[in-house]
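Below you'll find the structure, written out as structure tokens, and then a few comments.
We name chains A, B, ... by the order of the sequence lines, and we start the count at 1 in each one.
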Amino acid sequence: MNDQCPECGSQNLLHDYDRAEVVCSECGLVVRETLLDLGPEWRAFDSEQRDKRERTGAPMTYMIHDKGLSTDIDWRNRDIHGRDLNPGKRAQIYRMRKWQRRIRVSDAMSRNLAFALTELNRLSSHMQLPKNIREAAAVLYRRAIEEGLVRGRSIEGVTAGCLYASCRKCKVPRTLDEIAEYARVEKKEIGRSYRYIMRELGIRLPPTNPLDYIPRFASELGVSPEVQRRAVEILKQAMEVGLTSGKGPMGAAAAALYISSIEHDQRKTQREVSEIAKVTEVTVRNRYKDFQEKLGLEVDV
DNA sequence: AAGACGAAAGTGGTTGA
DNA sequence: TCAACAACTTTCGTCTT
């Protein structure tokens, strides 16, 4: 493999054969998307045929961290004849052992990363998240692991946390609940990992903006573009007056959509709206009451 | 009968001593 | 570490369409 990452020059590329991608393990960039299958391209019907056709050994596997090519250096300071080594040799061997240890450590890291990337892919394709989010999450995870933040907590939890963060950063927020639905970790753990990582990496994301939820909720509700537009308008007003600060963004988005749908004679029930926004009817109700009162909106029947 | 309403008690997470 | 706290949920009985 003579490839290196065009982004950061690293030669440490990970091959994901299931997705036919090559991903840089340094920065998470997807380097190549069409990957060749290194397995045999022929079919053998008996062992004689196999021997003739086989030009290579067994396909290299990426399930084993070092592709089965690692070497061990014995800890005894003896040569192959069992004799003691002279001091010069000993020092050399000592240095070699040191490097091997270091390589092993970074190997454990890339194994961890490989697993995390697989999980990340599984999660985000389940949730139909765009590629840029996947990559952002991968980069984040990479940083987390470099800082040693993953140790002691589950890889799944941390990947889910990174994904949550990336969604927010890319302005297509998913709720913790939504991620928890597909992740093999519960919401609490995801939130914990998320907060921990963001704190340790010194990343500060602005609170989720209710506006970011509107497009998705609107399309899931199946309301017209006008309804969506009006909902945005209502929300903006509400935000100016400070009706949304400190409140759950989803509740606010839901309420705006609810009001807007009524105004446009496309009435959705509180139940429908609340289900999509993953809040209760009561919350929709409270928010919408607030909006109605404080913004002087005439909304009845 | 379904939807909307509101009171009251419960929940999980943050904050500040 | 604990208690206070705000936002949100759950539950449930009542009113409205």
So which pairs with a foot in residues 234-254 of chain A pass side-chain hydrogen bond (donor to acceptor under 3.5 Å, both in side chains), sequence neighbours left out?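 Of all non-adjacent pairs touching residues 234-254 of chain A, none passes side-chain hydrogen bond (donor to acceptor under 3.5 Å, both in side chains).
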Tell me every residue that passes side-chain contact (heavy atoms from CB on, under 4.5 Å) with A:Ala255, counting only those two or more places apart in sequence or in another chain.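 Residues passing side-chain contact (heavy atoms from CB on, under 4.5 Å) with A:Ala255: A:Arg287, A:Tyr288, A:Phe291.
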Could you work out, with side-chain contact (heavy atoms from CB on, under 4.5 Å) as the rule, every residue matching A:Lys171, not counting sequence neighbours?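 Residues passing side-chain contact (heavy atoms from CB on, under 4.5 Å) with A:Lys171: A:Asp212.
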With sequence neighbours left out, write down each residue that passes ring pair (Phe, Tyr, Trp, His ring centres under 6.0 Å) with A:Tyr164, or none if nothing qualifies.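 Partners of A:Tyr164 by the ring pair (Phe, Tyr, Trp, His ring centres under 6.0 Å) criterion, ordered by chain and then number, come out as A:Tyr194.
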Looking at residues at least two apart in the chain, or sitting in another chain, which of them share a ring pair (Phe, Tyr, Trp, His ring centres under 6.0 Å) with A:His126?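 Applying ring pair (Phe, Tyr, Trp, His ring centres under 6.0 Å) to A:His126 gives A:Tyr182.
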Hey, could you give me each pair passing salt bridge (charged side-chain N to carboxylate O under 4.0 Å, His left out) that has a residue in [range]? Not counting sequence neighbours.
| range | value |
| --- | --- |
| residues 250-262 of chain A | none |
| residues 151-169 of chain A | A:Glu156-A:Arg184 |
| residues 174-183 of chain A | A:Asp177-A:Lys187, A:Glu178-A:Arg216, A:Glu178-A:Lys278 |

A:Thr269: what forms a side-chain hydrogen bond (donor to acceptor under 3.5 Å, both in side chains) with it, not counting sequence neighbours?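 With neighbours one apart ignored, the set is A:Glu272.
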A:Arg192 side chain near B:dG13 phosphate (N/O to OP1/OP2, under 4.0 Å):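 No, outside the criterion.
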How about A:Met239 and A:Leu211: do any of their side-chain heavy atoms sit closer than 4.5 Å?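 Result yes, sub-4.5 Å side-chain heavy-atom pair found.
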Generate the contact string for nucleotides 4-9 of chain B. Rules: B means base contact, S means sugar-phosphate contact only, - means no protein heavy atom under 4.0 Å. SBB---
Taking N or O atoms only and anything under 3.5 Å, show me the protein contacts with nucleotides 3-7 of chain C, one pair per line.
none

Using both pair distances under 3.5 Å as the test, note the stems of at least 3 consecutive Watson-Crick or G-U pairs that include DNA chain C.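 DNA chain C stems, ordered by first number: B:1-11 with C:7-17, B:13-17 with C:1-5.
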In whole Å, I'd like the distance from the NZ atom of A:Lys187 to the P atom of B:dT11.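 Those two atoms, NZ and P, are 15 Å apart.
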